[in-house]
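In listed order, ligands and their atoms are each counted from 1. This chain uses plain numbering: 1 for the first residue, then up along the sequence.
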Amino acid sequence: MTSLSGKSVLLVIGGGIAAYKCLELIRLLGKEGCKVVPLMTKAAEQFVTPLTVASLAGTKVYSDLFSLTDETEMGHIQLSRAADLVVVAPATADLMAKLAHGIANDLASTALLATDKSVLMAPAMNVRMWRHAATQRNLKTLIADGVLIVGPNDGDMACGEYGPGRLAEPDEIVAAIRASLATHPRVLAGKKVLITAGPTREPIDPVRYISNHSSGKQGYALAAAAVDLGAETMLVSGPVHLPLPPGAQVMPVESARDMLKVVEREVPCDIAIFTAAVADWRVESAANEKIKKSGKDAPTLILSENPDILKTIASLKSKRPKLVVGFAAETENVLEHAKAKLASKGCDLIVANDVSAKGDVFGSDQNAVHLVSANGVESWPRMSKAHVAEKLMAHFAKLIS
Ligand code: C5P
(Lines give C-alpha, C1' and ligand atoms only; values in the text may rest on other atoms or scores of the structure.)
Protein backbone atom coordinates (compact mmCIF):
# COMPACT_ATOMS: atom_id res chain seq x y z
CA MET A 1 0.00 0.00 0.00
CA THR A 2 1.35 3.42 -0.98
CA SER A 3 2.34 5.47 2.08
CA LEU A 4 1.09 9.04 2.26
CA SER A 5 3.70 10.04 4.81
CA GLY A 6 5.82 12.94 3.54
CA LYS A 7 3.55 13.51 0.54
CA SER A 8 1.87 16.81 -0.15
CA VAL A 9 -1.56 17.49 -1.62
CA LEU A 10 -2.96 20.75 -2.97
CA LEU A 11 -6.61 20.52 -1.90
CA VAL A 12 -8.91 22.66 -4.02
CA ILE A 13 -12.18 23.08 -2.12
CA GLY A 14 -15.15 23.89 -4.35
CA GLY A 15 -18.30 25.71 -3.27
CA GLY A 16 -20.88 23.05 -2.46
CA ILE A 17 -22.69 21.89 0.64
CA ALA A 18 -20.35 18.84 0.74
CA ALA A 19 -17.42 21.20 1.40
CA TYR A 20 -17.79 20.43 5.11
CA LYS A 21 -16.56 16.88 4.42
CA CYS A 22 -13.20 18.25 3.33
CA LEU A 23 -12.51 19.00 7.01
CA GLU A 24 -12.57 15.28 7.78
CA LEU A 25 -10.49 14.63 4.65
CA ILE A 26 -7.83 17.08 5.87
CA ARG A 27 -7.86 15.37 9.27
CA LEU A 28 -7.46 11.88 7.77
CA LEU A 29 -4.62 12.99 5.50
CA GLY A 30 -2.89 14.76 8.38
CA LYS A 31 -3.12 11.59 10.47
CA GLU A 32 -1.19 9.75 7.74
CA GLY A 33 1.55 12.38 7.68
CA CYS A 34 0.36 13.93 4.41
CA LYS A 35 0.72 17.72 4.13
CA VAL A 36 -2.41 19.50 2.86
CA VAL A 37 -2.21 22.95 1.25
CA PRO A 38 -5.79 24.24 1.03
CA LEU A 39 -7.05 26.40 -1.82
CA MET A 40 -10.64 27.60 -1.52
CA THR A 41 -12.93 29.12 -4.12
CA LYS A 42 -14.91 32.18 -3.08
CA ALA A 43 -18.06 30.03 -3.06
CA ALA A 44 -16.38 27.42 -0.81
CA GLU A 45 -15.83 30.16 1.79
CA GLN A 46 -19.63 30.44 2.05
CA PHE A 47 -19.83 26.82 3.23
CA VAL A 48 -16.78 26.42 5.51
CA THR A 49 -14.67 29.16 6.97
CA PRO A 50 -11.03 29.57 5.89
CA LEU A 51 -10.17 29.78 9.61
CA THR A 52 -11.49 26.25 10.26
CA VAL A 53 -9.70 24.89 7.18
CA ALA A 54 -6.43 26.62 8.09
CA SER A 55 -6.61 25.39 11.70
CA LEU A 56 -7.09 21.77 10.63
CA ALA A 57 -4.50 21.91 7.85
CA GLY A 58 -2.02 23.77 10.04
CA THR A 59 -1.21 26.08 7.17
CA LYS A 60 -2.63 29.14 5.44
CA VAL A 61 -5.50 28.97 2.97
CA TYR A 62 -5.00 30.32 -0.55
CA SER A 63 -7.99 31.82 -2.32
CA ASP A 64 -7.18 35.02 -4.15
CA LEU A 65 -5.61 35.07 -7.61
CA PHE A 66 -4.62 38.70 -7.30
CA SER A 67 -3.38 38.71 -3.70
CA LEU A 68 -0.07 40.51 -3.54
CA THR A 69 0.93 38.77 -0.31
CA ASP A 70 0.11 35.30 -1.64
CA GLU A 71 1.92 35.97 -4.91
CA THR A 72 5.07 37.12 -3.14
CA GLU A 73 5.00 34.17 -0.68
CA MET A 74 4.15 31.54 -3.29
CA GLY A 75 3.03 32.41 -6.86
CA HIS A 76 -0.01 30.59 -8.20
CA ILE A 77 2.10 28.61 -10.69
CA GLN A 78 4.40 27.38 -7.93
CA LEU A 79 1.40 26.62 -5.72
CA SER A 80 0.00 24.34 -8.43
CA ARG A 81 3.27 22.46 -8.81
CA ALA A 82 4.70 22.23 -5.30
CA ALA A 83 2.33 19.39 -4.31
CA ASP A 84 2.59 15.74 -5.36
CA LEU A 85 -1.09 15.68 -6.36
CA VAL A 86 -3.93 18.14 -6.85
CA VAL A 87 -7.21 17.02 -5.30
CA VAL A 88 -10.52 18.81 -5.95
CA ALA A 89 -13.11 18.03 -3.27
CA PRO A 90 -15.90 18.79 -3.68
CA ALA A 91 -15.53 19.21 -7.45
CA THR A 92 -18.56 21.28 -8.42
CA ALA A 93 -20.16 21.20 -11.87
CA ASP A 94 -18.61 24.64 -12.35
CA LEU A 95 -15.03 23.54 -11.55
CA MET A 96 -15.43 20.47 -13.78
CA ALA A 97 -16.71 22.63 -16.63
CA LYS A 98 -13.89 25.14 -16.23
CA LEU A 99 -11.15 22.53 -16.36
CA ALA A 100 -12.82 20.62 -19.22
CA HIS A 101 -12.87 23.85 -21.24
CA GLY A 102 -9.55 25.32 -20.10
CA ILE A 103 -11.11 28.32 -18.37
CA ALA A 104 -8.86 30.00 -15.78
CA ASN A 105 -10.59 32.97 -14.16
CA ASP A 106 -9.89 32.48 -10.46
CA LEU A 107 -7.12 30.96 -8.34
CA ALA A 108 -8.65 27.43 -8.29
CA SER A 109 -9.19 27.13 -12.04
CA THR A 110 -5.84 28.78 -12.79
CA ALA A 111 -3.99 26.35 -10.51
CA LEU A 112 -5.81 23.40 -12.13
CA LEU A 113 -4.73 24.53 -15.59
CA ALA A 114 -1.18 25.43 -14.58
CA THR A 115 -0.33 22.26 -12.70
CA ASP A 116 2.04 19.64 -14.03
CA LYS A 117 0.78 17.08 -11.48
CA SER A 118 -2.11 14.61 -11.68
CA VAL A 119 -5.53 15.99 -10.76
CA LEU A 120 -8.01 13.88 -8.78
CA MET A 121 -11.58 15.19 -8.73
CA ALA A 122 -14.28 14.13 -6.27
CA PRO A 123 -17.49 15.46 -7.85
CA ALA A 124 -20.47 16.45 -5.70
CA MET A 125 -23.61 18.15 -6.89
CA ASN A 126 -27.36 17.83 -7.24
CA VAL A 127 -28.36 14.62 -9.04
CA ARG A 128 -29.87 16.48 -12.01
CA MET A 129 -26.77 18.61 -12.38
CA TRP A 130 -24.65 15.42 -12.34
CA ARG A 131 -26.85 13.71 -14.92
CA HIS A 132 -27.05 16.78 -17.15
CA ALA A 133 -25.64 16.11 -20.61
CA ALA A 134 -23.21 19.03 -20.20
CA THR A 135 -21.72 17.62 -16.97
CA GLN A 136 -21.50 14.12 -18.44
CA ARG A 137 -19.80 15.56 -21.54
CA ASN A 138 -17.33 17.45 -19.35
CA LEU A 139 -16.70 14.30 -17.31
CA LYS A 140 -15.80 12.36 -20.48
CA THR A 141 -13.46 15.17 -21.57
CA LEU A 142 -11.78 15.27 -18.16
CA ILE A 143 -11.31 11.48 -18.11
CA ALA A 144 -9.90 11.55 -21.65
CA ASP A 145 -7.51 14.31 -20.50
CA GLY A 146 -6.26 11.99 -17.74
CA VAL A 147 -8.12 13.56 -14.80
CA LEU A 148 -8.80 10.96 -12.11
CA ILE A 149 -12.30 10.74 -10.70
CA VAL A 150 -13.56 9.34 -7.40
CA GLY A 151 -17.32 9.06 -6.85
CA PRO A 152 -19.85 10.51 -6.79
CA ASN A 153 -21.85 8.06 -4.68
CA ASP A 154 -25.55 7.31 -4.79
CA GLY A 155 -27.67 8.42 -1.85
CA ASP A 156 -29.81 11.07 -0.18
CA MET A 157 -28.81 14.56 -1.16
CA ALA A 158 -28.86 17.72 0.95
CA CYS A 159 -31.41 19.14 -1.54
CA GLY A 160 -33.87 16.35 -0.68
CA GLU A 161 -33.39 14.35 -3.91
CA TYR A 162 -31.90 10.88 -4.22
CA GLY A 163 -29.34 9.55 -6.67
CA PRO A 164 -25.72 9.91 -7.78
CA GLY A 165 -24.15 13.20 -6.73
CA ARG A 166 -22.99 12.68 -3.15
CA LEU A 167 -19.33 13.39 -2.49
CA ALA A 168 -17.32 10.18 -2.04
CA GLU A 169 -16.69 9.55 1.65
CA PRO A 170 -13.41 11.00 3.01
CA ASP A 171 -11.88 7.51 3.45
CA GLU A 172 -12.73 6.70 -0.19
CA ILE A 173 -11.03 9.91 -1.29
CA VAL A 174 -7.96 9.00 0.79
CA ALA A 175 -7.88 5.56 -0.92
CA ALA A 176 -8.13 7.27 -4.32
CA ILE A 177 -5.29 9.65 -3.35
CA ARG A 178 -3.20 6.65 -2.37
CA ALA A 179 -3.96 4.96 -5.72
CA SER A 180 -3.18 8.17 -7.61
CA LEU A 181 0.20 8.48 -5.90
CA ALA A 182 1.11 4.85 -6.52
CA THR A 183 3.98 4.51 -8.91
CA HIS A 184 2.29 2.23 -11.46
CA PRO A 185 2.90 3.29 -15.04
CA ARG A 186 -0.46 4.59 -16.30
CA VAL A 187 -0.43 2.30 -19.32
CA LEU A 188 -4.22 2.32 -19.67
CA ALA A 189 -4.65 6.13 -19.63
CA GLY A 190 -7.26 7.09 -22.24
CA LYS A 191 -8.52 3.48 -22.49
CA LYS A 192 -11.97 2.31 -21.43
CA VAL A 193 -12.29 -0.92 -19.44
CA LEU A 194 -15.66 -2.54 -18.76
CA ILE A 195 -16.00 -5.17 -16.02
CA THR A 196 -19.01 -7.20 -14.91
CA ALA A 197 -18.92 -8.51 -11.35
CA GLY A 198 -20.91 -10.22 -8.62
CA PRO A 199 -24.00 -12.41 -8.93
CA THR A 200 -27.27 -11.52 -10.60
CA ARG A 201 -30.66 -11.76 -8.88
CA GLU A 202 -33.55 -13.20 -10.82
CA PRO A 203 -36.89 -12.33 -9.23
CA ILE A 204 -39.48 -14.97 -8.35
CA ASP A 205 -41.82 -12.35 -6.93
CA PRO A 206 -41.22 -8.92 -5.36
CA VAL A 207 -39.60 -10.46 -2.24
CA ARG A 208 -37.89 -13.64 -3.49
CA TYR A 209 -35.15 -14.28 -6.00
CA ILE A 210 -32.73 -16.85 -7.44
CA SER A 211 -29.03 -15.98 -7.05
CA ASN A 212 -25.63 -17.49 -6.25
CA HIS A 213 -22.66 -17.13 -3.88
CA SER A 214 -20.43 -14.92 -6.03
CA SER A 215 -18.71 -12.35 -3.77
CA GLY A 216 -17.64 -10.02 -6.60
CA LYS A 217 -14.16 -9.76 -5.04
CA GLN A 218 -12.16 -10.67 -8.16
CA GLY A 219 -14.16 -8.27 -10.37
CA TYR A 220 -13.84 -5.42 -7.85
CA ALA A 221 -10.09 -6.06 -7.54
CA LEU A 222 -9.81 -5.90 -11.34
CA ALA A 223 -11.67 -2.58 -11.36
CA ALA A 224 -9.25 -1.18 -8.75
CA ALA A 225 -6.29 -2.43 -10.81
CA ALA A 226 -7.72 -0.86 -14.00
CA VAL A 227 -8.11 2.49 -12.19
CA ASP A 228 -4.50 2.22 -10.95
CA LEU A 229 -3.32 1.84 -14.54
CA GLY A 230 -5.22 4.98 -15.51
CA ALA A 231 -8.20 3.39 -17.33
CA GLU A 232 -11.69 4.87 -17.50
CA THR A 233 -13.24 2.00 -15.56
CA MET A 234 -16.90 0.99 -15.74
CA LEU A 235 -17.95 -1.65 -13.23
CA VAL A 236 -21.35 -3.22 -13.87
CA SER A 237 -22.08 -4.91 -10.59
CA GLY A 238 -24.70 -7.28 -9.28
CA PRO A 239 -25.60 -7.00 -5.55
CA VAL A 240 -22.47 -7.48 -3.40
CA HIS A 241 -21.23 -6.32 0.00
CA LEU A 242 -17.98 -4.67 -1.00
CA PRO A 243 -16.66 -1.11 -0.76
CA LEU A 244 -16.82 0.67 -4.12
CA PRO A 245 -13.44 0.78 -5.84
CA PRO A 246 -12.43 4.47 -5.80
CA GLY A 247 -12.15 5.97 -9.25
CA ALA A 248 -14.37 3.39 -10.98
CA GLN A 249 -17.84 4.25 -12.24
CA VAL A 250 -20.06 1.65 -10.64
CA MET A 251 -23.35 0.78 -12.30
CA PRO A 252 -25.45 -1.37 -9.98
CA VAL A 253 -27.79 -3.91 -11.61
CA GLU A 254 -29.91 -6.81 -10.38
CA SER A 255 -30.92 -9.25 -13.11
CA ALA A 256 -28.97 -10.70 -16.05
CA ARG A 257 -31.14 -8.79 -18.49
CA ASP A 258 -30.43 -5.48 -16.66
CA MET A 259 -26.73 -6.33 -16.75
CA LEU A 260 -26.83 -6.99 -20.50
CA LYS A 261 -28.66 -3.70 -21.12
CA VAL A 262 -26.03 -1.67 -19.27
CA VAL A 263 -23.13 -3.54 -20.88
CA GLU A 264 -24.61 -3.02 -24.37
CA ARG A 265 -24.88 0.70 -23.60
CA GLU A 266 -21.21 0.88 -22.57
CA VAL A 267 -19.63 -0.79 -25.63
CA PRO A 268 -17.49 -0.25 -27.59
CA CYS A 269 -14.57 -0.17 -25.18
CA ASP A 270 -10.96 -1.29 -25.21
CA ILE A 271 -11.15 -4.19 -22.77
CA ALA A 272 -14.27 -6.03 -21.54
CA ILE A 273 -13.88 -8.48 -18.67
CA PHE A 274 -16.78 -10.68 -17.65
CA THR A 275 -16.27 -11.90 -14.09
CA ALA A 276 -19.96 -11.84 -13.11
CA ALA A 277 -21.60 -15.10 -12.09
CA VAL A 278 -24.67 -14.50 -14.21
CA ALA A 279 -27.62 -16.71 -13.29
CA ASP A 280 -28.16 -19.15 -16.15
CA TRP A 281 -31.92 -19.12 -15.76
CA ARG A 282 -34.65 -16.72 -14.71
CA VAL A 283 -38.24 -17.35 -13.73
CA GLU A 284 -40.20 -17.02 -16.95
CA SER A 285 -42.93 -14.86 -15.49
CA ALA A 286 -42.07 -13.44 -12.08
CA ALA A 287 -45.18 -12.72 -10.00
CA ASN A 288 -46.12 -9.06 -9.49
CA GLU A 289 -47.37 -9.77 -5.97
CA LYS A 290 -45.85 -11.94 -3.25
CA ILE A 291 -46.78 -15.58 -3.90
CA LYS A 292 -48.92 -16.79 -0.97
CA LYS A 293 -48.73 -20.21 0.63
CA SER A 294 -51.95 -21.77 -0.57
CA GLY A 295 -51.83 -24.74 1.79
CA LYS A 296 -51.98 -27.02 -1.27
CA ASP A 297 -49.05 -27.80 -3.61
CA ALA A 298 -45.83 -25.83 -3.65
CA PRO A 299 -45.69 -23.51 -6.68
CA THR A 300 -43.90 -24.67 -9.82
CA LEU A 301 -41.34 -22.29 -11.25
CA ILE A 302 -40.93 -22.35 -15.00
CA LEU A 303 -37.43 -21.23 -15.91
CA SER A 304 -36.15 -19.77 -19.13
CA GLU A 305 -32.58 -19.23 -20.21
CA ASN A 306 -30.89 -15.89 -19.57
CA PRO A 307 -28.96 -14.11 -22.31
CA ASP A 308 -25.24 -14.95 -22.38
CA ILE A 309 -23.71 -11.50 -21.94
CA LEU A 310 -20.14 -12.54 -22.72
CA LYS A 311 -21.16 -14.38 -25.90
CA THR A 312 -23.41 -11.53 -27.04
CA ILE A 313 -20.63 -8.95 -26.67
CA ALA A 314 -17.92 -11.22 -28.14
CA SER A 315 -20.01 -11.72 -31.28
CA LEU A 316 -20.62 -8.01 -31.92
CA LYS A 317 -19.29 -6.78 -35.25
CA SER A 318 -18.45 -3.07 -35.22
CA LYS A 319 -18.86 -2.52 -31.44
CA ARG A 320 -16.80 -5.53 -30.29
CA PRO A 321 -14.29 -4.52 -27.60
CA LYS A 322 -10.65 -4.92 -28.66
CA LEU A 323 -10.14 -7.59 -26.01
CA VAL A 324 -12.93 -9.77 -24.61
CA VAL A 325 -12.09 -11.80 -21.51
CA GLY A 326 -14.31 -14.45 -19.93
CA PHE A 327 -13.97 -16.21 -16.60
CA ALA A 328 -14.61 -19.90 -16.07
CA ALA A 329 -15.32 -21.21 -12.61
CA GLU A 330 -15.06 -25.00 -12.80
CA THR A 331 -15.17 -27.79 -10.28
CA GLU A 332 -13.47 -30.46 -12.44
CA ASN A 333 -11.45 -30.75 -15.68
CA VAL A 334 -10.77 -27.02 -15.39
CA LEU A 335 -8.57 -26.65 -18.47
CA GLU A 336 -10.70 -28.77 -20.83
CA HIS A 337 -13.83 -26.85 -19.91
CA ALA A 338 -12.01 -23.53 -20.24
CA LYS A 339 -10.75 -24.42 -23.74
CA ALA A 340 -14.26 -25.42 -24.81
CA LYS A 341 -15.62 -22.15 -23.36
CA LEU A 342 -13.04 -20.08 -25.24
CA ALA A 343 -14.41 -21.47 -28.51
CA SER A 344 -18.12 -21.50 -27.63
CA LYS A 345 -18.18 -17.93 -26.27
CA GLY A 346 -15.98 -16.43 -28.99
CA CYS A 347 -13.80 -14.52 -26.51
CA ASP A 348 -10.05 -13.86 -26.77
CA LEU A 349 -9.08 -15.23 -23.40
CA ILE A 350 -10.55 -17.29 -20.59
CA VAL A 351 -9.32 -16.90 -17.02
CA ALA A 352 -10.10 -20.25 -15.46
CA ASN A 353 -10.11 -21.24 -11.82
CA ASP A 354 -11.01 -24.22 -9.71
CA VAL A 355 -14.02 -23.50 -7.51
CA SER A 356 -14.33 -26.99 -6.05
CA ALA A 357 -13.93 -27.26 -2.28
CA LYS A 358 -10.21 -27.97 -2.76
CA GLY A 359 -9.88 -24.77 -4.84
CA ASP A 360 -11.21 -22.63 -1.94
CA VAL A 361 -11.97 -19.62 -4.18
CA PHE A 362 -15.57 -18.51 -3.54
CA GLY A 363 -15.53 -15.60 -1.11
CA SER A 364 -11.82 -16.17 -0.47
CA ASP A 365 -9.16 -13.47 -0.85
CA GLN A 366 -6.93 -15.90 -2.74
CA ASN A 367 -7.12 -17.30 -6.25
CA ALA A 368 -5.07 -19.55 -8.56
CA VAL A 369 -5.83 -18.93 -12.22
CA HIS A 370 -5.00 -20.35 -15.64
CA LEU A 371 -4.98 -18.10 -18.71
CA VAL A 372 -6.39 -20.00 -21.66
CA SER A 373 -6.11 -18.47 -25.13
CA ALA A 374 -5.45 -19.50 -28.73
CA ASN A 375 -1.75 -19.35 -27.79
CA GLY A 376 -2.07 -22.06 -25.13
CA VAL A 377 -2.32 -22.18 -21.35
CA GLU A 378 -0.40 -20.15 -18.76
CA SER A 379 -0.90 -21.19 -15.11
CA TRP A 380 -0.17 -18.82 -12.25
CA PRO A 381 0.49 -19.89 -8.65
CA ARG A 382 -2.03 -19.13 -5.90
CA MET A 383 -1.88 -15.48 -4.83
CA SER A 384 -4.18 -12.76 -3.47
CA LYS A 385 -7.10 -11.70 -5.68
CA ALA A 386 -5.65 -8.17 -5.62
CA HIS A 387 -2.34 -9.45 -6.95
CA VAL A 388 -4.09 -11.62 -9.57
CA ALA A 389 -6.01 -8.50 -10.64
CA GLU A 390 -2.86 -6.37 -10.94
CA LYS A 391 -1.08 -9.03 -13.00
CA LEU A 392 -4.11 -9.67 -15.20
CA MET A 393 -4.68 -5.97 -15.96
CA ALA A 394 -0.99 -5.48 -16.81
CA HIS A 395 -1.24 -8.56 -19.11
CA PHE A 396 -4.43 -7.27 -20.81
CA ALA A 397 -2.85 -3.83 -21.28
CA LYS A 398 0.05 -5.48 -23.13
CA LEU A 399 -2.34 -7.44 -25.34
CA ILE A 400 -4.07 -4.29 -26.61
CA SER A 401 -0.94 -2.14 -26.93
O1 C5P B 1 -21.13 -20.46 -19.22
P2 C5P B 1 -20.46 -20.00 -17.97
O3 C5P B 1 -21.41 -19.37 -17.02
O4 C5P B 1 -19.61 -21.03 -17.31
O5 C5P B 1 -19.44 -18.90 -18.49
C6 C5P B 1 -18.71 -18.10 -17.65
C7 C5P B 1 -18.35 -16.81 -18.33
O8 C5P B 1 -19.44 -16.31 -19.10
C9 C5P B 1 -18.07 -15.73 -17.32
O10 C5P B 1 -17.12 -14.85 -17.92
C11 C5P B 1 -19.41 -15.05 -17.13
O12 C5P B 1 -19.28 -13.73 -16.67
C13 C5P B 1 -19.96 -15.11 -18.55
N14 C5P B 1 -21.43 -15.22 -18.61
C15 C5P B 1 -22.18 -14.17 -19.08
N16 C5P B 1 -23.54 -14.28 -19.21
C17 C5P B 1 -24.17 -15.44 -18.86
C18 C5P B 1 -23.40 -16.52 -18.35
C19 C5P B 1 -22.05 -16.37 -18.24
O20 C5P B 1 -21.60 -13.10 -19.36
N21 C5P B 1 -25.47 -15.53 -18.98
Check whether any heavy atom of Ser344 sits under 4.0 Å from an atom of ligand 1.
no
Between Lys311 and ligand 1, which part of the residue brings a heavy atom under 4.0 Å of the ligand: side chain, backbone, both or neither?
neither
Any idea which part of Ala277 is under 4.0 Å from ligand 1, heavy-atom wise: side chain, backbone, both or neither?
neither
Run down the list Asn306, Asp280, Asp308, Val263 and name the one with the heavy atom closest to atom 14 (N) of ligand 1.
Asp308
With respect to atom 11 (C) of ligand 1, which of Ala276, Ala338, Gly326 exhibits the smallest heavy-atom separation?
Ala276
Close-contact set for ligand 1 against [X] heavy atoms, below 4.0 Å:
| X | value |
| --- | --- |
| Phe327 | 6 (C), 7 (C), 9 (C), 10 (O) |
| Phe274 | 9 (C), 10 (O), 11 (C), 12 (O) |
| Lys345 | 1 (O), 2 (P), 5 (O), 8 (O), 19 (C) |

Could you tell me whether Glu169 and Arg166 make a salt bridge, using a distance below 4.0 angstrom between a side-chain N and a carboxylate O?
yes
Do Asp354 and Arg382 meet the salt-bridge criterion of a basic N to acidic O distance under 4.0 Å?
no
In this structure, are over 12 heavy atoms from other groups packed under 6.0 Å from Lys35 atom NZ?
no
Using a cut-off of 6.0 Å, state whether more than 12 heavy atoms not belonging to Asn288 lie near its atom CG.
no
Side chain to side chain contact (heavy atoms under 4.5 Å, CB included), paired with Glu202, selected from Asn306, Val283, Leu303, Asp280:
Asn306
Contacts table for residues 311-318: side-chain donor-acceptor under 3.5 angstrom, sequence neighbours left out:
unit_1	atom_1	unit_2	atom_2	d
Thr312	OG1	Asp308	O	2.5
Ser315	OG	Lys311	O	2.9
Ser315	OG	Thr312	O	3.2

